[in-house]
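Working notes for the structure below.
Counting convention: from 1, in listed order, for ligands and their atoms alike.
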Amino acid sequence: MKISKENTILISGASIAGLSTAYWMNRLGYQVTVIELAKAPRTAGAAVDLRGDTVDVAKRMEIFDQLKANRLNVEKISFKNADDTTAGSIILENESSALPDDEIEIERDQFINILLGRIKDEVEFLFGNSVTGLEETTAYLKVSFKEGAPRHFDLVIGCDGTHSGIRKIAFGPETAYAHFLQAYFSITTVNKLLIPEKTMQMYNVPDKAITLNAYHGKTDIIFGFVSEDEIFHDYRDIDQQKKIIQEQFSGQNWRTAALLEETLNSDNFYFDKFCQIKMPCWTKGRVALVGDAAYCASPAAGMGASLSVKGAAALADSLQQHNGNFELAFLDYNKKLRPFIEVVQATAEINVKDNFIPRTEEAIRLRNAQEHPF
Ligand SMILES: Cc1cc2nc3c(=O)[nH]c(=O)nc-3n(C[C@H](O)[C@H](O)[C@H](O)COP(=O)(O)OP(=O)(O)OC[C@H]3O[C@@H](n4cnc5c(N)ncnc54)[C@H](O)[C@@H]3O)c2cc1C
């Protein structure tokens, strides 16, 4: 299979991994279709980071200047006591122009819109639909959809997140690949400042954490808690998820009651377990996975967007290097990206326990005494 408009690629998921992959596959010269379960791009969510050499990928994608123009800038992180006094603070660089270029924080919805802007006129989008079946022949994949007639594609790329539908169809159930990190989190963004802009505040008791992050007139309210066992819940049932947060946090000190009320009344709510996806191989036949679907490191890594952007470019580079021979390209993609993913996942496992949700008073005290960001 050569790289040409004759050859078609279906990408499942229109978030950071899906849109980045669509960008590269279109630029290489394939005919690209993106299918997304939601009726429109899902723009909820807090700030995301681009770190390290992922910033170089953003430069290659010609989106770096736009990302930089919209970057967020945290000036101070404060660790709070129950009575709202400050137990410790980290002061960060406060001049946006002096910030290093190898770490850019940006609102998730702005990132999605910047990526969409690069490809929306060149790629076919199917919103409100999903893949229900994949049948592979020697020449193509026959893809069945929830809505509409089956179609043939040369390659299918699953960019549909931690609970990937493509992974389930092509590689089997999530339980084989998901590693629960014994914690859950929710993120709600409210359109007002609950703390001064460009600051973060964290309040912890053993096994529970509340974080506020204020920027652009908004505040992210993030609840996190430890749970030794998985809590059964439907990941599309938001009321059920809000109830879990309410049960975990009601009765806690600091500003918890007011923050819970903001969260329970908000339409903007994202909940998931801290978990990692670990797979021996991210490709099978004509199917490949990119982003959280393949190697989610959990939000504790702060690398979800970076892994997606880097992974999409790695897959594209492998296809280009092997002139569209997807079998060789997929081998290359698996081999070259894996060492980086392993380091990020190992760091995130430590981060959940030590920095986000310390398990003891002593661990909280040590975390609060830090002078450098984690
Ligand atoms: C609404 C939302 C809010 C988020 N908020 C945060 C946040 O605040 N902080 C944070 O660290 N991370 C957040 N994340 C996760 C973060 O975006 C990812 O960790 C990271 O960017 C990797 O992106 P991804 O594209 O691999 O996966 P995701 O961003 O999870 O995107 C997966 C996409 O696939 C779509 N999809 C799912 N199943 C199917 C299916 N069967 N068929 C077709 N499409 C499907 C989803 O609707 C989604 O658009 C959020 C994700 C979403 C979807």
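- With atom 4 (C) of ligand 1 as the reference point, the heavy atom nearest to it among M303, R108, E36, K39 is part of R108.
- Atoms of ligand 1 found under 4.0 Å from any heavy atom of S308, numbered from 1 in the order shown, are 22 (C), 23 (O), 24 (P), 26 (O).
- The shortest N/O to N/O separation between N129 and ligand 1 does not fall below 3.5 Å.
- Judged by distance alone, the side chains of T86 and K80 do bring a donor and an acceptor atom under 3.5 Å apart.
- Residue D292 has at least one heavy-atom neighbour below 4.0 Å for each of these atoms of ligand 1: 18 (C), 19 (O), 20 (C), 22 (C), 26 (O).
- By the side-chain hydrogen bond (donor to acceptor under 3.5 Å, both in side chains) test, K168 pairs with no residue at all, sequence neighbours left out.
- Taking distance alone, with nitrogen or oxygen atoms compared against 3.5 Å, S15 approaches ligand 1 more closely than that limit.
- Among G158, G161, G128, S130, the residue whose heavy atom sits closest to atom 30 (O) of ligand 1 is G161.
- In C159, the part holding a heavy atom less than 4.0 Å from any atom of ligand 1 is the backbone.
- For the pair K310 and F340, the cation-pi test (distance below 6.0 Å, angle within 45°) is passed.
- For the pair P299 and ligand 1, the shortest N or O to N or O distance does not fall below 3.5 Å.
- The pair R255-D84 does not count as a salt bridge, with every side-chain nitrogen at least 4.0 angstrom from each carboxylate oxygen.
- Distances from atom 44 (N) of ligand 1 to the heavy atoms of L37, L115, D272 put L37 nearest.
- Contact check on E174 versus R167 returns a salt bridge, with a Lys/Arg side-chain nitrogen under 4.0 Å from an Asp/Glu carboxylate oxygen.
- With respect to the salt-bridge test (charged N to carboxylate O, under 4.0 angstrom), the residues R108 and D49 do not qualify.
- Contact check on K68 versus E105 returns no salt bridge, with no Lys/Arg side-chain nitrogen under 4.0 Å from an Asp/Glu carboxylate oxygen.
- Heavy-atom proximity to atom 9 (N) of ligand 1, evaluated over I187, L126, L19, I169, is greatest for I187.
- Inclusion of H163 in the set of residues having an N or O under 3.5 Å from an N or O of ligand 1 is not warranted.
- Between D160, I112, V131, it is D160 that holds the heavy atom closest to atom 37 (C) of ligand 1.
- Using a 4.0 Å cut-off to heavy atoms of G291, the atoms of ligand 1 that qualify are 26 (O).
- For N129 and E147, the side-chain atoms include no donor-acceptor pair closer than 3.5 Å.
- Neither side chain, N26 nor R118, offers a donor N or O lying under 3.5 Å from an acceptor on the other.
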